[in-house]
Structure formats: C-alpha cells, structure tokens
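Numbering of residues begins at 1 and proceeds along the displayed sequence. Hydrogens, waters and symmetry mates play no part in the numbers below; they use all other heavy atoms, side chains included.
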Amino acid sequence: MTTEMQRFGTSEDDDEDMGMGVKEEDDDDDDEEKNNGTPIMVGVDGGLVSSSNNNRFHQHQQYQDQPTPQAGVRRCRPVEEKERTKIRERQRRAVTAKILAGLRRHGNYNLRVRADINDVIAALAREAGWVVLPDGTTFPSSSQGTRPAGGTSSTPLTSASSHVPMQQNPSASLRGICSGNKSSVEYNACHVKGVFVPTSSPYDVSSSSRSQTAAMVAAGGEGAQNYPLIAGSMDTVDNRQVVDILPQKLQERDLAGTPYIPVYVMLPLGVINMKCELVDPDGLVKQLRILKSINVDGVIVDCWWGIVEAHTPQDYNWNGYKRLFQMVRELKLKLQVVLSFHECGGNIGDDVCIPLPHWVAEIGRSNPDIFFTDREGRRNPECLSWGIDKERVLRGRTAVEVYFDYMRSFRVEFDEFFEDGIISIIEVGLGPCGELRYPSNPVKHGWRYPGVGEFQCYDQYLLKNLRKAAEARGHSFWARGPDNAGSYNSQPHETGFFCDGGDYDGYYGRFFLNWYSQVLVDHGDRVLTLAKLAFEGTCIAAKLSGIYWWYKTASHAAELTAGFYNPCNRDGYAAIMALLKKHGSALNFMCAEWGLLDQHVDFPGALADPEGLAWQVLNAAWDVCIPVASENALPCHDREGYNKISERAKPLNDPDGRHFCAFTYLRLGTVLLERHNFVEFERFVKRMHGEAVLDLHS
C-alpha cells in the first residue's frame, strides 16, 4: 500500500506562533532533538511513519534534500530572531492580559491570576455547557451527550479532519494502532487514527490500567485478550494489529429484591395556563398512558398561588386542576401536589412565567418591604418576606393567614381525591422555588455559581425583628446586617466575615447567624402547623435544597446566606430536622449534582462537596426517623445518571436498611419520551421498584 509520509512535529517558527506560553529561552527546543525514538503515526490515508535512531522523521518529498540535524548537535538561532521572538511573546502576553481582564470584569469568568489560553478555552467551553476536567478532557454534559468511553478517558478525542464531528457516537468503536516501541518523547502516548489515546491517565479505573494502552495495541497484539476494554475484532495493517476499543461497561448493583421506591414524574410547568385551563388535554392523556404502561406510580403538579388566587383575595379558581386531577384518577395514577407560593420564572429549568397574584403585586408597589431585600435595597418579588408572616399587610390578613386560607380552600375543593387516596402527599411551599431557604442567590440580581450570595434581611419587617433580638440580648448596636460579607459573587476568602477566622465566628457573627437561621425555622414552624391542620391525615412534605459549594471551607458561606447555620463547628440541620419531626413531615431533599456530572469538577476552586452535604443531611433526617424523598434538579437521561440516583436512593450495606420513601423525576416532556431515553427511564423505574433487569453490567 503506497502512502504519503507525514511529518511529525513543528518547526521553531510554527511553535512560536501556536502557543501563548512560548518560552523566551531556546534551550528546551534543542533538548527535544536529542531523543532517539518516536511513535508510529498513522496518516489520514492510512500510511505509517516509522522511527529510527539515525533519522528522527521521514519527511515529505519537499524536505528530503534538507540536512537532518544529528543527535547531540545544538542549533543556533540568530540574535535578531531571538529578539523578534521576545517581542512577539511580549505582545501576545499584553493582548492576553487584556482579554483575561475583560472576561473577569464583564463576564464573571472564574479565571486564576496566571491564567493562560487553556483556562480561557476551558471557561468558554463550560459557558457553552460542556464539561472540562482538570487535565483538559472535554466532553458534553449529560444533558447534551455522553462521556468518553467508560467515563475514564483523560484526553480529548480530536478529529483528524475538519469535517469529522467532534461529538463521537458512544457506541462506535475507536480503531487504534501504535508501535510496539515506547517513545522517548515526553508525550508518553501513542497516536491513533485521528484519536489521541494516552498510556497514562489519572482518571483510569485502576493503577494498572495506566500503562496498559501501549501494551494493548502493541505489535503482535499479544496483550489484547487480557484487557476488558478491548473488543474481539482485530485487523492487521503492515503486520501491526488494529484493535477496536469499546466503551467500558458501567459497574451496576443488582437491585432485584431491594425495597420498593415509588417513582413520580413532575408534569410540565405550563400544564395549566394563567386562566387556570388545562393545556392540550389530549396530548397529556397520551403521555400519561405511556407513563402508566411502565408502572410509574404517579405524577406531581404545582398548584400555583399566582394562578388560583390571581385577581382578588380569597377568590379561588381551581377549574383546570379539577380536570387534570380527574384525568389522573381515571388512569389510576397517584398524585402529589405542590402548593407553590412563589413565582415561576428566572430560575434554572423555568420555561414559563407565573408571577405572584396581581393583587399582591399591587400591594408590593406601594409597600415593597413585603418582599425579601438585600443590603443594596434590591427587592426580590419571587416570594413574600418572612417578616410579614404575622403582619396584617395583605388586605387585612397576615401572610400565614393567606397561606392557610389557600390550603383550606384546596382541601375542601378536592375532598373526594383525598378520600379516594388519589392525593398521596402535599408538599407545602416555604420559600423561593418552594424550598425552605432565603433567596440568597438570585440570578436576576447577578449571582453566578459559585458566589457566596447575600443575606436577605433588609426589609423593614425583618430589620425590626433583628432590632428586637439585639435589644433582648442587650446589644442594640448589633441590630444590623454584616457590613463585610461581600457581594453575590464574592468568595469566602475575599470577605472579612466568611474568611477563615472571620467575623462569622465572633460574638456578633454568632448572634446574627443564630437570629437569621431562627427566622427560617420559625417560618417553617408556622406554615407547617397550619398545613398539618388543613390536611389532617395526609402526609405533608417540605423541600430542602442542597447548597453544597464552599462546603469544604470553615464558614460554609453559601449555606450561611441561605439560612443554614452550618459552619464546620456546628450542625445547622439539626434544628430543621427537629421541626419536621415535630410536625410529622417528610423531607424532600434536592442536591443538584446527584445523577449528574459534578459541577464542582468545573469549578475546583469552589471547594464544593455535594456528597458530604448529602451525607450530613440524610443522616440528620434518618437519625430521627424522618422519611426522605428526593428529585433530580437538572435533566437526566443516561444510565450513569440513573445509576447514581439508584445508589443514593438505596444505600449499599446500610445497617438499618434506610432508603428513600419516593423519588420524583423532573420532568415529563418530549425529550423523556424519545425512544432511547424512555427505554433507559423504564429500566430505571424497574430498578427503583426492586425488579430484575436483564442487561445488568457487573
């Protein structure tokens, strides 16, 4: 087979123009030429490039007449060329500095001080929704595609030509070939038909696998049968064997016979429109029948305060929900209802806009202190401030009275569904996104992960409450919020309050954080007391979100601004669990990274620990016998994500056999019902139900 030989490496001029970090010294360039070996290269047309000790490269015909530098001979560059190189390098660095400054200042990019082009490319890739591992491995997030084979490759798959798609089909094999001789070049890798395969990776499954790649594709292929990642087929090219490298099969527990965990599916946000009418009932019936066919236990729907009591106080319109509930009952599905006292829109995953009732907005225009307020005076109309829980500022009613009237109307209107057992759980909204927390990280106010957020206690009602607490303590000058806690996108070490040894652990800091977190607990206590009264005999639940970034710092700054007084020397969730235990309420705990690629991989400086937070919260709940349910925060359609959820839902070797009481999948839509995605979801449902599956990878 006749092939055109390709040249390996780049000239000095090429090297100068390619990188931003070109060294001003030329010694390193000369040192590389002392190496004797080089890996076999496979050309785009299938040709091989061999190595020898006398010649480093076989070049194109146009280079054959040029002398080849011999080993150990240093090349000298003219002084003028060195000076030009230095000037070009200084110019590039000046341009780079301006680019980085602009990205940090105007784009909220988390770039280190001595960032280079790799950091910029990685930041832009993450902005586009891709995952970039610390070593440079880049692949689509789980919502866009799949990880590289086995999820262990540490080097990006690069196209051999511009027309080859960058996103590889995970089922397609990678055909590779490499010389049996190890290269002395520092890359420590072999080149494979447009695919760069490392021989050593910190992300390999085991330490022994770090050196097996070269052996697997060595001349003769004698080691291929010993490695599980190598497929059975093997071709020969010029007496060297080409193997098919297939994705590693995921390790899976056999969940057959494990406890039954009900699986619910959240209905689309826009299933009921602003006129309280059911949208596309025929299409919804078809989708619900499909869910029923794979034994999904039921569905969950938000009952929006802004729809039902939209125009006039205590004038409730439940028409659309009545029709929806009847449809669910006819299909013999269970129903969980979320009483949503917050607005919809502006948060991750929100595709519709449902504001608070119009009459509440009118009150807010004349009295904006009914909303949470930050230090700069910015109001957040996502939900009502807890400062008005007992203030008669809503047309003669307090906030908790408004919530109770709404719950009581729902209970009366849908009494038959309670009596029939169709409605199994009522989840009561307790704050932004329905979660028991302060709205400390609003995207609409410029917050971006992993900022610490801001305290939300500057409306007049919460400040009055703080003033009373300070006076009762005997320190009236403590009636203020921290003045050194930074802004929404600050990091703990940048502030005097959250840094190690900061004011958060001083006398004033402990007083303020105790008060701030107690307001959260008191609000939950008031609302759940009335919910228990309205829905006597029905399970009620409260949602808690996982604020996992900065969890590995001493202050746990992001948790503090959200109302969870959980620094490293204090258990901030014990009081919340005692509250739920008091009211016999279940916990719906949502930690964003479960079943998905960890966001803290993209932001290693955020010192995030979703697993550590989950361990703390789940054990705090289970230790006092509180039922725990969960849901995915972001889309999940792949087996890897479902397996992570299953592992979390049914902990391995738990001595008490503890597990989730239910799981909610977010959410029903056309993407879930696509054939491949739905097959994976059906398999996930079976495993959550404790049924056996046939294609278990073990």
For this session: Flag this pair as yes if the NZ/CZ of R526 is under 6.0 angstrom from the six-membered ring centre of Y403 and inside a 45 degree cone about the axis; otherwise no.
Result: no
Exercise. Under 3.5 Å, is there a donor-acceptor pair between the D571 and Q616 side chains?
Worked result: yes
For this session: Considering non-hydrogen atoms only, spot the tightest contact between L463 and C457 and give its length.
Result: CD2-O, 3.3 Å
Exercise. Got a donor-acceptor contact below 3.5 angstrom from the E454 side chain to the Y488 backbone?
Worked result: yes
Problem set entry | Pair W478 + F512: ring centers closer than 6.0 Å | no
Problem set entry | Check: L462 main-chain N/O paired with D459 side-chain donor or acceptor under 3.5 Å | yes
Exercise. Does some side-chain heavy atom of E401 sit less than 4.5 Å from a side-chain heavy atom of R392?
Worked result: yes
Exercise. Are Q456 and N380 linked by a side-chain donor-acceptor pair shorter than 3.5 Å?
Worked result: no
For this session: Check whether the side chains of E413 and Y321 place a donor and an acceptor atom closer than 3.5 Å, and report yes or no.
Result: no
Problem set entry | Parallel, tilted or perpendicular: ring planes of W447 versus W549, cut at 30 and 60 degrees | tilted
For this session: State whether R397 and E309 are salt-bridged, where the test is any N-O pair (Lys NZ or Arg NE/NH1/NH2 against Asp/Glu carboxylate O) under 4.0 Å.
Result: yes
Exercise. Closest approach of D500 and A554, non-hydrogen atoms and distance?
Worked result: OD1-CB, 3.7 Å
For this session: For the residue pair F498 and H493, establish whether any side-chain heavy-atom pair is separated by less than 4.5 Å.
Result: no
Problem set entry | Any donor-acceptor pair under 3.5 Å from W550 side chain to P450 backbone | yes
Problem set entry | Spatial distance of atom CG (L544) from atom CG (L587) [nearest 0.5 Å] | 5.5 Å
Exercise. Quick one: CD on E471 to NZ on K468, what's the gap to the nearest 0.5 Å?
Worked result: 9.0 Å
Exercise. To the nearest 0.5 Å, what is the distance between CD1 (I300) and CG (L668)?
Worked result: 12.0 Å
Exercise. Can you check whether I363's main-chain N or O pairs, donor with acceptor, with N367's side chain at less than 3.5 Å?
Worked result: no
For this session: List the atom of Y516, the atom of T561, and the distance in Å for their closest heavy-atom pair.
Result: OH-O, 2.8 Å
Problem set entry | W318 ring center within less than 6.0 Å of F414 ring center | yes
Exercise. Are side-chain heavy atoms of K444 and P381 found at a separation under 4.5 Å?
Worked result: yes
Exercise. Do E536 and R408 sit within salt-bridge range, that is, some charged N less than 4.0 Å from a carboxylate O?
Worked result: no
Problem set entry | Aromatic plane relationship, F497 with F455 - under 30° parallel, 30 to 60° tilted, over 60° perpendicular | perpendicular
Problem set entry | Check: R375 side chain, S487 main-chain N or O, donor-acceptor pair, under 3.5 Å | no
Problem set entry | Closest non-hydrogen atom pair, I354 against M274 | CG2-SD, 4.0 Å
Exercise. How long is the span from the CG atom in L666 to the CE atom in M266, to the nearest 0.5 Å?
Worked result: 5.0 Å
Problem set entry | Heavy-atom check, side chain of C383 versus side chain of F372, under 4.5 Å | yes
Exercise. Hey, does L384 have a side-chain heavy atom less than 4.5 Å from the side chain of F341?
Worked result: no
Problem set entry | Minimal non-hydrogen separation, I370 against V360, with atom names | CD1-O, 3.9 Å
Exercise. With the threshold set at 4.0 Å, does a side-chain nitrogen-carboxylate oxygen contact exist between K275 and E277?
Worked result: no
For this session: For R379 and T373, test the side chains for any donor-to-acceptor distance below 3.5 angstrom and give the result as yes or no.
Result: yes
Exercise. Which of parallel (below 30°), tilted (30 to 60°) and perpendicular (above 60°) describes Y551 and H556?
Worked result: tilted
For this session: Taking the side chain as every heavy atom from C-beta outward, state whether R570 and N566 have any atom pair closer than 4.5 Å.
Result: no
Exercise. Any luck finding a side-chain donor-acceptor pair between E559 and Y573 under 3.5 Å?
Worked result: yes
Problem set entry | Check: E376 and H445 side chains under 4.5 Å, non-hydrogen atoms | no
Problem set entry | Residues K543 and E631 bridged, charged N to O under 4.0 Å | yes
Seminar exercise, completed: When rounded to the nearest 0.5 Å, the distance separating SG of C661 from CG of N588 is 8.5 Å
For this session: May I ask you to check whether W386 and D522 show a side-chain donor-acceptor distance below 3.5 Å?
Result: no
Seminar exercise, completed: Heavy atoms of V628 and A621 approach each other most closely as CG2-CB, 3.6 Å
Problem set entry | Interatomic spacing from CG in L579 to OG in S585 - rounded to 0.5 Å | 7.5 Å
Seminar exercise, completed: Only one of L324, V328, V279 passes side chain to side chain contact (heavy atoms under 4.5 Å, CB included) with L284, and that residue is L324
